[in-house]
Asker: 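Attaching a single structure in structure tokens format; questions to follow.
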Amino acid sequence: DMVSMAGGLALRGMLPIVHSFACFLSTRPNEHFYINATEKTKIIYVGSLAGLLPGGPGHSHQSVRDIAILSAVPGMIMIEPCTEAEVEMAFDYSVNLSRDSIYLRLVSIPCDIPFKLPEDYKFEYGKGVALTNGDDAVLFSYGPVMLAEAVKAADRLKEKHGVGVRVINLPWLNHVDTDWLRGSIEGIKYIFTLDDHFVKGGQGEMLACKIAEMSDISGYQLHRFGIHDIPACGLNEEVLHAHKLD
């Protein structure tokens, strides 16, 4: 009813903002997302508590398939910010710059963030930003949970093994700027993606398809990390460890 009412408000020229748990918002009114899309209006959908964590409430609340469910909705841009500052950027983009509907995927749990966005970072459609430096490998991810684990892993690889991994924050979940992507992977043999979501239908799958379409990029190895089975439940640290994502 909430999503359908938003469709009516949008047809009257208003900008509705719809909010609920990501696990429910992406699934229960899925038909109404599509109906709204056919009317070519703009609506902002906000899905909270998205991703693998928290692991305590159980399977019903672990939203690890919403990217796959909504990525095929026409005119839908999906974004997951990684810090409070990027939430503000993403919301400003959603309200003031985008002509399309937005699905804002939020991780609304306390997170320790071991990185900072560069001071000159600009929130641009389909583009991300490097959080660490390295030319041995590149890893794409999004959101505070997985980017935190990726940055910690990159720091350990650099310190103990001298391996430089460039961790890139890419908040755009179902769209990427092709030229920017090419520049981010050019000359790098090892490419990794890390999803806070099932590997099937996640951001990594979208990136893998885009890279495969680039006829001038070859000789790379690509591996996708993420969730492959029904997510484990428990303490957050236990859940990440169970899926080998810590």
Asker: Once side chain to side chain contact (heavy atoms under 4.5 Å, CB included) is applied, do any residues pair with F21, and if so which ones, sequence neighbours excluded?
Answerer: C23, F24, L49

Asker: Could you check whether any side-chain N or O of D177 sits under 3.5 Å from a backbone N or O of G126, counting only pairs where one atom can act as donor and the other as acceptor?
Answerer: no

Asker: Tell me whether K152 is salt-bridged to E149, with the criterion being a basic N under 4.0 Å from an acidic carboxylate O.
Answerer: yes

Asker: Side chains of Y93 and E124: any donor to acceptor distance under 3.5 Å?
Answerer: no

Asker: Could you tell me which non-hydrogen atom of R105 sits nearest to which non-hydrogen atom of A50, and how far apart they are?
Answerer: CG-CB, 3.3 Å

Asker: My understanding is that only residues two or more places apart in sequence, or in another chain, count here; which of them pass salt bridge (Lys or Arg N to Asp or Glu O under 4.0 Å) with R182?
Answerer: D179, D216

Asker: Output all residues satisfying side chain to side chain contact (heavy atoms under 4.5 Å, CB included) with C111, sequence neighbours left out; order by chain, then residue number.
Answerer: V107, I109, I113, P144, V145

Asker: Please list, chain by chain and in numerical order, all residues satisfying salt bridge (Lys or Arg N to Asp or Glu O under 4.0 Å) with E186, sequence neighbours excluded.
Answerer: none

Asker: Should D195 and R224 be marked as a side chain to side chain contact (heavy atoms under 4.5 Å, CB included) after you check the CA-CA gap, both sets of side-chain angles, and the distance that decides it?
Answerer: CA-CA 8 Å; D195 267 294; R224 291 179 289 149; 5.9 Å; no

Asker: Please go through M2's hydrophobic cluster and name the other residues, only I, L, V, M, F, W, Y counting, with side-chain heavy atoms under 4.5 Å joining them.
Answerer: V3, V18, L25, F33, I43, Y45, I67, I69, L70, V73, M76, M78, Y103, Y142, L173

Asker: Can you check whether L53's main-chain N or O pairs, donor with acceptor, with Q62's side chain at less than 3.5 Å?
Answerer: no

Asker: For K210, give me all partners under salt bridge (Lys or Arg N to Asp or Glu O under 4.0 Å), at least two apart in sequence or on another chain.
Answerer: none

Asker: For the pair T132 (side chain) and V167 (backbone), establish whether a donor and an acceptor sit closer than 3.5 Å, ignoring hydrogens and angles.
Answerer: yes

Asker: We want to know whether E86 and N169 form a side-chain donor-acceptor pair, criterion being a heavy-atom distance below 3.5 angstrom.
Answerer: yes

Asker: Return the orientation label for the Y190 and F192 ring planes: parallel under 30°, perpendicular over 60°, tilted otherwise.
Answerer: parallel

